[in-house]
Amino acid sequence: MANNIRVRFAPSPTGYLHIGGARTALFNWLYARHHGGVFILRIEDTDRERSTEEAIDAIIEAMSWLGLSWDEGPYRQMDRLGRYHKEAQRLLVEGKAYKCYCTPEELEERRKLALERREAPKYDRRCLTLTEKERLACEAQGKKPAIRFNCPDEGITVVDDIVKGRVVFENANLDDFVMVRADGIPTYNFAVVVDDHDMAITHVIRGDDHLSNTPRQILLYQALGYSIPEFAHLPMILGPDKTRLSKRHGATAVEAYRDEGYLPHALVNYLALLGWGYGDQTLFSIDELIQKFSLEAVGKSPAVFDPIKLEWMNGVYIRELSVDELAKLIKPYLIKAGLIPETPMYMPEDEKGMYMVGGDLAFERYDDAWYRRLAEITQERISKLSDIIALSDFFFHRVVYETEAIQRVLKKEGVPEILQKAIEVLSESFDFNSREIEARLRKLAEDLGFKPKLVFQPIRVAVTGRTVSPPLFETIELLGRDATLERLGEAIHLLEMADG
RNA sequence: GGCGCGUUCGUCUAGUGGCCUAGGACACCGCCCUCUCAAGGCGGAGAUCACGGGUUCGACUCCCGUACGCGCUACCA
């Protein structure tokens, strides 16, 4: 196996890690892990206007959460200014770069003019031929120069891309781009080349929005006397309208998916399928991904991000969790929703599990076994962890009856009687578990001569406030006898009031 | 405007000249299971392989053109 493979993920810290960036990071990571190579994290923070420390933290946090561990870095371009300066000077003395004293305003003006005349807005190279005298004059005026690359104006530059194939560019279409800004900070195309060389990167794996930048970089590699790495340009990730995925399309921050209750494995698995595939298979463990990933199998065409499929996949992985794991994962969501207190305050032993009239909670009502059971009965009903809130909130506060539920099931003939009977049956002395509860309630339906559903639905609404809930008998068990009886009574009372 | 990349069911994709009357997954529809909702099982519908020309005995697969989409064309990355 060809080793000493070195790849990198090089985000610019101008915001949170987004889906597209995460996919790029993932493919780099998979490639490195597959080949037993090195994965490097490099922060491209040369845009002083937009880069922030918070963004760096957020990117690191998101990558850690996804499990994309890096072996070197994070390096920062702003720590490497000396290197760029040195290499720029080299090109300067070799005549492969030159100083440009044109101001951004002048450039903008000329660009606009060129566009109006329907010409290519290339730099006119006026500073390339500056005489020593003219240069000194500019310096005397206090003008700070930018450094431009002296781009060859004939010949071709070929990019042999692992995913796109052989792509040919004519040098004549390139212009003398700025390598180093007037403030001494390098631009992307220059910094990336120096970095990838210094870090001995063997494979540059990045979004195909950079494909058009690649000839500029190759020219730079050649001018600097560096060896050229392999390139693999990944197709873009699009929104439903086929434009580049952005906040406009909804949540794009990895962090947002984490907060919603997506599992890292689900996100990783889903992202892997955007632009890559392995036959008919859709579900992969992380190890399988590492084992089966290859750049040769990456597709050329862009992919539309489908949050629905992601959600489905997340549900699959939630169902794969052990009950204990799920119970642990679910709790923070209940806390965040204000359903249970952040710091548990245990009740005296004999009162544990007691239902609090009025519904205000000031203590931890249930123990770990209770949460475990909750996880058990909700596991196949949630597709993201945050779904637990809507599915189980009725456990934690007084019942709020949905008007629809009242109309459609409670306000039916015979319902108060059914509920009254249920109170009687459930008041009897027996071990209050779902099996017993089910047996007694089924018996009740039979005695009443009703189909089971006809008695279970009113009870469900009385106890949960709605027509949809986790399984009834388990729900009643978890609620406890006191709370159940009280809610049943409450529903009867509600109906009486409505009648009167 | 110039340059570049892309185009198979709504979406992600399989497919590398005959195995394709185009396979899988999500979503959708129906049935089964069933205390609701899910989950699960079974089945259905859904793609003249962007379009037009070639090459070939034979093309989704190779070549050319057109259309459309996207990207680059910044002292952003």
Side-chain angles (χ1 to χ4, degrees), chain A residues 10-14 44-47 49-51 100 102-104 107-108 111 114-115 117-122 144-148 159 161 164-165 167-170 172-175 177-183 185-189 191-192 206-216 233 235-236 238 240-244 270 273-283 299-313 315-316 319 378-383 391 409 438 441-442 445 451-457 459-461 464 466-473 475:
Chain A
S12 61
T14 54
E44 308 217 323
D45 55 353
T46 54
D47 183 344
E49 304 281 289
R50 300 190 303 150
S51 298
C100 170
C102 299
T103 66
L107 259 15
E108 180 55 28
R111 227 173 61 88
L115 248 21
R117 272 181 272 144
R118 316 189 114 224
E119 289 168 8
K122 280 177 66 172
K144 290 272 184 242
I147 300 174
R148 282 183 186 274
V159 180
D161 195 90
K164 302 287 184 180
V167 185
V168 180
F169 296 87
E170 282 189 48
N173 289 321
L174 271 23
D175 71 348
F177 58 92
V178 170
M179 294 167 22
V180 181
R181 293 185 261 258
D183 62 6
I185 295 174
T187 61
Y188 165 73
N189 281 121
V192 78
R206 78 233 297 194
D208 72 10
D209 47 341
H210 287 303
L211 184 58
S212 302
N213 280 321
T214 309
R216 284 177 249 278
H233 285 93
M236 297 276 86
L238 274 24
D241 62 354
K242 309 277 191 185
T243 65
R244 195 200 194 122
Y270 179 72
L273 260 20
L274 255 27
W276 175 83
Y278 191 82
D280 277 351
Q281 192 173 346
T282 63
L283 264 15
K300 294 172 194 285
S301 49
V304 173
F305 180 74
D306 180 8
I308 306 285
K309 187 161 182 175
L310 204 211
E311 187 166 335
W312 162 78
M313 197 173 278
V316 170
R319 274 170 249 133
T378 52
Q379 185 159 30
E380 62 188 31
R381 271 161 259 266
I382 61 175
S383 52
L391 190 59
V409 358
E438 173 164 11
L441 257 19
R442 283 199 186 280
K451 284 164 98 171
K453 185 173 176 171
L454 251 38
V455 354
F456 298 162
Q457 267 310 78
I459 296 175
R460 183 192 313 283
V461 172
T464 69
R466 43 203 189 222
T467 54
V468 172
S469 81
L472 219 215
F473 317 114
T475 296

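So that the names make sense, note that chain A is the first sequence line, chain B the second, and so on, each numbered from 1.
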(Q) Testing the basics here: between A:Gly207 and A:His233, what is the closest heavy-atom pair and its distance to 0.1 Å? (A) O-CD2, 3.4 Å
Q) Contact class for A:Leu441 vs. all strands (heavy atom < 4.0 Å): base, sugar-phosphate, or nothing? A) nothing
(Q) For A:Leu273, is there any backbone N or O sitting under 3.5 Å from a side-chain donor or acceptor partner on A:Tyr278? (A) no
Q: Once you apply the 3.5 Å cut-off to both distances, tell me the Watson-Crick or G-U wobble partner of B:U61, or none.
A: none
Q: Report which part of the nucleic acid A:Pro302 touches: base, sugar-phosphate, or nothing (heavy-atom distance under 4.0 Å, all strands).
A: sugar-phosphate
Q) Does the A:Thr464 side chain pair with the main chain of A:Arg466, one donor and one acceptor, at a distance under 3.5 Å? A) yes
Q: Classify the nucleic acid contact of A:Gly315 as base, sugar-phosphate or nothing, counting any heavy atom under 4.0 Å across all strands shown.
A: nothing
**Q.** Nearest-Å distance for atom pair NZ/C1', residues A:Lys242 and B:G71
**A.** 16 Å
Q | Same-atom distance (C1') from B:U56 to B:A74, integer angstrom | A | 49 Å
Q.
Can you measure A:Met313 atom CE to B:U13 atom P for me and round it to whole angstrom units?
A. 12 Å
Q. Watson-Crick or G-U wobble partner for B:C75, using a 3.5 Å limit on both distances?
A. none
(Q) Using heavy-atom distances to pick each residue's nearest nucleotide on RNA chain B, tell me which of A:Thr467 and A:Asp280 is more 5'. (A) A:Asp280
Q. For B:U48, which nucleotide is its Watson-Crick or G-U wobble mate, given both distances must be under 3.5 Å?
A. none
Q. Can you find a donor-acceptor N/O pair under 3.5 angstrom joining the side chain of A:Asn213 to the base of B:A77?
A. yes
Q) Where the side chain of A:Ala182 is concerned, which of B:C12, B:C75, B:A77 is the nearest nucleotide? A) B:C75
Q) When you compare B:A38 with B:A45, how far apart are their P atoms, in angstrom units rounded to a whole number? A) 24 Å
Q. Base, sugar-phosphate, or nothing for A:Pro471, non-hydrogen atoms under 4.0 angstrom?
A. base
Q. Atom CD of A:Gln281 to atom P of B:G15: distance rounded to whole Å?
A. 13 Å
Q) Does a distance-only test, which skips hydrogens and angles, find a donor-acceptor pair under 3.5 Å between the side chain of A:Asp208 and the base of B:G71? A) no
Q.
If I take atom CZ from residue A:Arg381 and atom CG from residue A:Leu391, how far apart are they, to the nearest 0.5 angstrom?
A. 7.5 Å
Q) To the side chain of A:Asn189, which of B:C5, B:C75, B:A77 is closest? A) B:A77
Q. Just by distance, do the side chain of A:Lys242 and the backbone of A:Ala303 share a donor-acceptor pair under 3.5 Å?
A. no
Q.
Pick the closest RNA chain B nucleotide for A:Ala146 and for A:Tyr270 by heavy atoms, then say which residue is nearer the 5' end.
A. A:Tyr270
Q. Which whole number of Å gives the distance between the P atom of B:C5 and that of B:A47?
A. 31 Å
Q) Which part of the nucleic acid, if any, lies within contact of A:Thr378, taking any heavy atom under 4.0 Å across all strands shown: a base, the sugar-phosphate backbone alone, or nothing? A) nothing
Q. Within the pair A:Arg442 and B:C35, is there a side-chain N or O less than 4.0 Å away from OP1 or OP2?
A. yes
Q: Counting heavy atoms from C-beta on, name the nucleotide in B:A39, B:C35, B:A25 closest to the side chain of A:Thr282.
A: B:A25
Q) Can you tell me how far C1' of B:C5 sits from NE2 of A:His233, to the nearest Å? A) 11 Å
Q: Pick the P atom in B:U66 and in B:G2, then give their distance to the nearest Å.
A: 12 Å
Q | Spacing of A:Ile308 atom CD1 relative to B:C28 atom C1', expressed in whole Å | A | 12 Å
Q: Please assess A:Lys144 against A:Asp183 for the test salt bridge (charged side-chain N to carboxylate O under 4.0 Å, His left out), listing each intermediate value before the final yes or no.
A: CA-CA 7 Å; A:Lys144 290 272 184 242; A:Asp183 62 6; over 6 Å; no
Q) Can you name the nearest heavy-atom pair linking A:Thr214 to A:Arg206, along with the distance? A) OG1-NH1, 3.3 Å
(Q) Just to be sure I understand the rule, does A:Ser469 reach a base, reach only the sugar-phosphate, or reach nothing, if contact means heavy atoms closer than 4.0 Å? (A) base
Q | Closest to the A:Phe473 side chain, choosing from B:A38, B:C35, B:C75 | A | B:C35
Q: Just compare B:U36, B:U11, B:G6 and give me whichever is closest to any side-chain atom of A:Val304.
A: B:U11
(Q) Would you say CD of A:Gln281 has more than 12 non-hydrogen atoms from neighbouring residues, nucleotides or ligands within 6.0 angstrom? (A) yes
Q: Searching all strands shown, indicate the nucleotide that pairs with B:U16 (Watson-Crick or G-U wobble; both distances under 3.5 Å).
A: none
Q) Under 4.0 angstrom, heavy atoms only, what part of the nucleic acid is A:Leu273 near: base, sugar-phosphate, or nothing? A) sugar-phosphate
Q.
From the set B:C75, B:A74, B:U36, return the single nucleotide nearest to any side-chain atom of A:Lys453.
A. B:U36
Q | A:Asp209 CG to B:C70 P, straight-line distance once rounded to whole Å | A | 14 Å
**Q.** Rounded distance in Å between the C1' positions of B:G44 and B:A27
**A.** 14 Å
Q. Can you tell which of B:A25, B:U11, B:A39 lies closest to the side chain of A:Trp312?
A. B:A25
Q. Of the nucleotides B:C26, B:G6, B:G71, which one has an atom closest to the side chain of A:Ser212?
A. B:G71
Q) When the distance from CG of A:Leu454 to P of B:U34 is rounded to whole Å, what number comes out? A) 17 Å
Q | Watson-Crick or G-U counterpart of B:G30, or none if no pair lies under 3.5 Å | A | B:C42
Q) Paired with B:C68 by Watson-Crick or G-U wobble geometry, both distances under 3.5 Å: which nucleotide is it? A) B:G6
Q. Which of these nucleotides, B:U73, B:C12, B:G4, is closest to any side-chain atom of A:Arg216?
A. B:U73
Q: Take atom NZ of A:Lys300 and atom P of B:U13, then tell me their distance rounded to the nearest Å.
A: 14 Å
Q: Can you see which heavy atom on A:Pro235 is nearest to which on A:Lys300, and at what distance?
A: CB-O, 3.6 Å
Q) Quick one: do A:Asp209 and A:Arg244 make a salt bridge, cutoff under 4.0 Å? A) yes
Q: State which of B:C75, B:A39, B:C35 makes the closest approach to the side chain of A:Thr187.
A: B:C75
Q: Provide the distance between the two C1' atoms, one in B:C29 and one in B:G46, to the nearest whole Å.
A: 11 Å
Q: With C1' as the reference atom in both, quote the distance from B:C60 to B:A77 in angstrom, rounded to an integer.
A: 37 Å
Q: Select base, sugar-phosphate, or nothing to describe what A:His210 touches, counting heavy atoms under 4.0 Å on all strands.
A: base
Q. Ignoring hydrogens and angles, does a donor from either the side chain of A:Arg244 or the base of B:C70 sit under 3.5 Å from an acceptor on the other?
A. no
Q: Examine B:A77: is either OP1 or OP2 under 4.0 Å from a nitrogen or oxygen in the side chain of A:Arg50? Give yes or no.
A: no
Q. Which part of the nucleic acid, if any, lies within contact of A:Thr243, taking any heavy atom under 4.0 Å across all strands shown: a base, the sugar-phosphate backbone alone, or nothing?
A. sugar-phosphate
Q. Can you find a donor-acceptor N/O pair under 3.5 angstrom joining the side chain of A:Lys309 to the base of B:A25?
A. yes
Q. According to the Watson-Crick and G-U wobble definitions, with both distances under 3.5 Å, which nucleotide is paired to B:A25?
A. B:U11
**Q.** Atom C1', compared across B:G23 and B:A14: separation rounded to whole Å
**A.** 6 Å
